[in-house]
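Structure record follows, encoded as structure tokens.
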Amino acid sequence: MSMKLSLIAALVMGVSAQAQAATPTTWQPGKTKVSNGDLVIYQDACYVAKNNPGSWETPSASSTWFWTSASCGDVQPTIAPTPKPTPVITLEPTVQPTPVVTLEPTPAPTSEPSNIVQWVPGKTTVANGDLVMFNQICYVAKNNPGTWESPRSGSWFWDEASCGGVTPTAEPTPEITPTPTTEPELCGDNWVFGYHFAGCGPQNELVLCSNVLGVKACIETPEDSQAITNAQSAYDVEFWAATKYNLPLPPKPTAEPTPEPTLQPTIEPTIEPSITPSIDPTELTVTEDGQGGYLIPRAQLEARETALTSSALFDLVRADTQTLDNAAVEAVLPLRAENPENVRRAEAIVSAADWEFLFPIRHENYTYQRFLQAIAKFPAFCRTYEDGRNSDDICKRSLVTMFAHFVQETGAHAPGWEGAKGNPEWRQGLYYVREMYKSETDTTGPYNKCTGWAGERWPCQNKSYFGRGAKQLSWNYNYGPFSEAMFGDKMVLLKNPELVADTWLNLASAVFFYVYPQPPKPSMLHVIDGTWQPNAADKANGIEHGFGSTIQIINGAFECGKGSTTNQAKARIAYYKEIANYLSLDITGEKLDCADMKAFDTNGSGALEVYWDKDWGWDANTPGNHSFKCKLAGYQTAYSAWGKGDYEICVEDIFNVQATDEFGEVIPEGK
């Protein structure tokens, strides 16, 4: 049974594990340090480290650059608290769990005043030193936790503490009686081929559910558990749900994927050596292919790409630009309990009513649900910071900043206009979803660069790539990269650019711009959350933290460094002040203007070269003495360092190269 299914089997069918000699390290975000090849366990799943993950590269099945999903065997994490019994969910009512409260020698809670707060995620507010109970464990608050900083062991905001025999007042039954009715509430979750099964409940009643084929599908019986455990693909999960709930059967894939159990033995032992750091990134073996071209081992190309993109700043940006699977994004709904944590934080700050108030004349395509989905796509936006930074404040500041720019970029800008329905200009944002005077019937236009490197890499498809969405995404060479980030396929939006206007992409395109740097500018996210710290070069250019630096990022060439505040910058600042006041954001002392700011340059602390271009160097050991290498550049090219494998494409295209595998065989194009 694969690891990602073993949790479900253990929870529902009562499977227990026996510890083995090899023990994985329990992962603690921001603290655990590993070397390539180390085995870690996180949220009941195991992973093997690769490509030198930092302490913030939290393991997940989607983070394939830094982690490979692995089997834990039968190993249990070693830091499980020993005083508490290991909860095993079973459908058999005869199993009698040992109550947690029996650890107290003299159970007399009624004679002792209760000072424990029962923690409710998203609602409970505490001060430093307060004692709370969550999942039957007590914690003491520190470092000012927010309402979504739920208690857990190893957290920056909580220290595990003794409950002292006190039962929280929110508990319905104060008696200490060894009976199944007092068993603790448990929570479990697991991902099965893209479907998230999760749930909380009493020990003998816990079921895990997921949204499958548009319904709430729950694992309620041993037969359900067996069906999910035996699933070999997403289709099997869908087939199970369709059969159980009498739904139309999904279309069967034309090509069945290789069953996962057969993949594990072959991939796990061989994938690490293929990207082992022992490969010298300076090593280069170039041979002629006999047809006027050249051959280079892919392992050497990958080693060099890794070496050139393995800086601390690269790792930070790479982590901040990870995305959530589109199926999970599209499942997001307002106030849905299963919404991702960053979405729930945004909902707590900007409700549906707030959205209606702030954007009362918005285009109908800008819905509140799509706003939440756009945030869900980028987990770094409104995320939880576990290093002491105020997560709620950063989220609110990010939203206020984005909203102010929305008003400037897509607002009606029509004071006194009847269509504004009496709303002031700062509440006229998101009026346009397409560039003025443009329509989907346009097939050519000034935003189509269909020749040269841009046309070759981002081929025009008889469409016009004019501005669409809250950020007014424009040009085929921006639609292509955005499409790759959203779908892993550049052609989706090159063929269907209207999706950036008509779906949740209309707001996701703005978040995409927010989290990605624009070299040599840092990302707006890093400016707002404090990751970017101005160095001497930045300060000499007058650039510092505050709303003004985000104006410099978004449109500095036209609105900043003029000696006096431009009309456009004045408008953005006015919108920012109004929205900050409405959402109760303190902006006292913040530098709002950019009149004295020069442009970000390559000496600044946020400068990062993220494109590949030809290395014009000379190598005495290669045919023709060419370098057969690409280098990082600060200007846009057809090859992005964010796209793994683009380095190889750059070398292949420029030097007429084909990559070879470990047996010296040419790897087919696109593989």
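Every value quoted in this text rests on a predicted model; they were computed, and no experiment measured them.
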Worked verdict on Lys33 versus Asp38 for salt bridge (charged side-chain N to carboxylate O under 4.0 Å, His left out): CA-CA 10 Å; Lys33 298 186 182 298; Asp38 285 355; over 6 Å; no
Cut-off 3.5 Å, side chains only: do [X] and [Y] have a donor facing an acceptor?
X: Arg389; Y: Thr531; answer: yes
X: Asp646; Y: Tyr611; answer: no
X: Asp538; Y: Ser605; answer: yes
X: Asp320; Y: His526; answer: yes
X: Gln472; Y: Thr410; answer: no
X: Glu665; Y: Thr660; answer: no
X: Tyr294; Y: Asp289; answer: no
X: Asn506; Y: Asn365; answer: no
X: Ser398; Y: Tyr514; answer: yes
X: Glu609; Y: Tyr635; answer: no

Do Arg468 and Phe466 meet the cation-pi criteria used here (NZ or CZ under 6.0 Å from the six-membered ring centre, within 45° of the axis)? yes
Compute both the distance and the angle, then confirm whether Lys521 meets the cation-pi test with Phe600: under 6.0 Å from the six-membered ring centre, within 45 degrees of the axis. no
Run the side chain to side chain contact (heavy atoms under 4.5 Å, CB included) test on Asn478 and Lys471 for me, step by step, so that the C-alpha distance in whole Å, both residues' side-chain angles and the decisive distance to 0.1 Å come before the verdict. CA-CA 12 Å; Asn478 287 323; Lys471 178 58 184 66; over 6 Å; no
Please report the shortest heavy-atom distance between Leu493 and Ser483, naming the atom on each side. N-OG, 3.1 Å
Would you name the heavy atoms of Ala638 and Trp458 that are closest together and state the gap between them? O-CZ2, 4.2 Å
Is the distance from the ring center of Phe482 to that of Trp475 below 6.0 Å? no
Flag the pair Trp618 / His626 as yes when their ring centroid distance falls below 6.0 Å, and as no otherwise. no
Spell out, as yes or no, whether a donor-acceptor pair under 3.5 Å connects the side chain of [X] to the backbone of [Y].
X: Gln518; Y: Ile553; result: no
X: Lys490; Y: Arg457; result: yes
X: Thr323; Y: Lys377; result: no

Take Met524 and Met402, measure what side chain to side chain contact (heavy atoms under 4.5 Å, CB included) needs, and give me the verdict at the end. CA-CA 9 Å; Met524 284 200 284; Met402 275 212 317; 5.6 Å; no
Quick one: do Tyr447 and Asn476 satisfy side-chain hydrogen bond (donor to acceptor under 3.5 Å, both in side chains)? Show the steps, please. CA-CA 7 Å; Tyr447 303 106; Asn476 55 308; over 6 Å; no
Going by side chain to side chain donor-acceptor pair (under 3.5 Å), Tyr647 matches just one of Glu305, Arg304, Glu302. Which one? Arg304
What's the verdict on side chain to side chain contact (heavy atoms under 4.5 Å, CB included) for Thr26 and Val40, showing C-alpha distance, side-chain angles and the deciding distance? CA-CA 6 Å; Thr26 299; Val40 303; over 6 Å; no
